[in-house]
Amino acid sequence: QVQLVESGGGLAQAGGSLRLSCAASGRTISTYSMGWFRQAPGKEREFVAAVSWSGPDTYYADSVKGRFTISRDNAKNMVYLQMNSLKPEDTAVYYCAAIRDPYSRYYFTPRRYDYWGQGTQVTVSA
């Protein structure tokens, strides 16, 4: 079992930055690829970013490409999401998730993930 706890959410102004952290416990995440998803009120959960288990490969939704950066520190069992140039449409609950499947084509689908955190709220004001 892997437990995931997100932190770092809050209120930001448009154009500002936030850094989300995801702390894993229970077992090492070094063999898991990791993803960030978000869900706005009344909308489905959507893919934001993912990083492969080994670290060098990253994937982003078109809506955040160039503004968000996902990274991981396997030694600390941590995953991060640096969010710059925030927009009001980035407002959502952000979730960290772990996936055992090594195939990157599954990284974009929430139901493929094995473990989820409880989420952290990000609100961006205009």
If you measure from [atom1] on [X] to [atom2] on [Y], what distance do you get to the nearest 0.5 Å?
| X | Y | atom1 | atom2 | value |
| --- | --- | --- | --- | --- |
| Trp116 | Cys22 | CH2 | SG | 11.0 Å |
| Leu4 | Tyr95 | CG | OH | 13.0 Å |
| Met83 | Ser17 | CE | OG | 8.5 Å |
| Glu46 | Gln39 | CD | CD | 9.5 Å |
| Trp36 | Tyr60 | CH2 | OH | 12.5 Å |
| Phe68 | Tyr94 | CZ | OH | 4.0 Å |

> Going through the checks in order, is the side-chain contact (heavy atoms from CB on, under 4.5 Å) test met by Ser63 and Arg38?
Replying inline: CA-CA 12 Å; Ser63 59; Arg38 66 187 182 187; 3.5 Å; yes
>> So Tyr113 and Ile99, do their side chains get closer than 4.5 Å, heavy atoms only?
In response: yes
Using only atom types and a distance under 3.5 Å, with no angle test, would you say the side chain of [X] pairs donor to acceptor with the backbone of [Y]?
| X | Y | result |
| --- | --- | --- |
| Asp101 | Tyr107 | no |
| Asp73 | Met78 | no |
| Glu6 | Thr120 | no |
| Ser33 | Trp53 | yes |

> Would Val79 and Val48 show up in the same hydrophobic cluster when neighbours are defined by side-chain heavy atoms closer than 4.5 Å?
Replying inline: yes
>> Count I, L, V, M, F, W, Y as connected when their side-chain heavy atoms are under 4.5 Å apart, and connections chain through other members. Are Ile70 and Tyr80 then in the same cluster?
In response: no
Quick check: closest heavy atoms across [X] and [Y], and the distance to 0.1 Å?
| X | Y | result |
| --- | --- | --- |
| Ala12 | Leu86 | CB-CD1, 3.8 Å |
| Ala40 | Ala92 | N-CB, 3.8 Å |
| Arg67 | Asp90 | NH1-OD2, 2.8 Å |
| Val51 | Arg72 | O-NH1, 3.7 Å |
| Ala14 | Pro88 | CB-CD, 4.1 Å |

>> Set out, in order, the CA-CA distance, both residues' side-chain angles and the distance that settles side-chain contact (heavy atoms from CB on, under 4.5 Å) for Met34 and Tyr115, then state yes or no.
In response: CA-CA 10 Å; Met34 301 297 295; Tyr115 303 103; over 6 Å; no
>> Quick one, Val5 with Gln118, criterion side-chain contact (heavy atoms from CB on, under 4.5 Å). Give me CA distance, side-chain angles, the key distance, then yes/no.
In response: CA-CA 7 Å; Val5 178; Gln118 82 291 346; 4.2 Å; yes
>> Quick one, Val2 with Ile29, criterion side-chain contact (heavy atoms from CB on, under 4.5 Å). Give me CA distance, side-chain angles, the key distance, then yes/no.
In response: CA-CA 8 Å; Val2 176; Ile29 59 169; 4.1 Å; yes
>> How about CD on Glu44, more than 12 heavy atoms from neighbouring residues, nucleotides or ligands closer than 6.0 Å, or not?
In response: no
>> I'd like to know whether CD of Gln3 has more than 12 heavy-atom contacts from other residues, nucleotides or ligands below 6.0 angstrom.
In response: yes
>> Tell me if the centroids of the rings in Phe47 and Tyr59 come within less than 6.0 Å of each other.
In response: no
> Do NZ/NE/NH1/NH2 and the carboxylate oxygens of Asp62 and Lys65 come within less than 4.0 Å?
Replying inline: yes
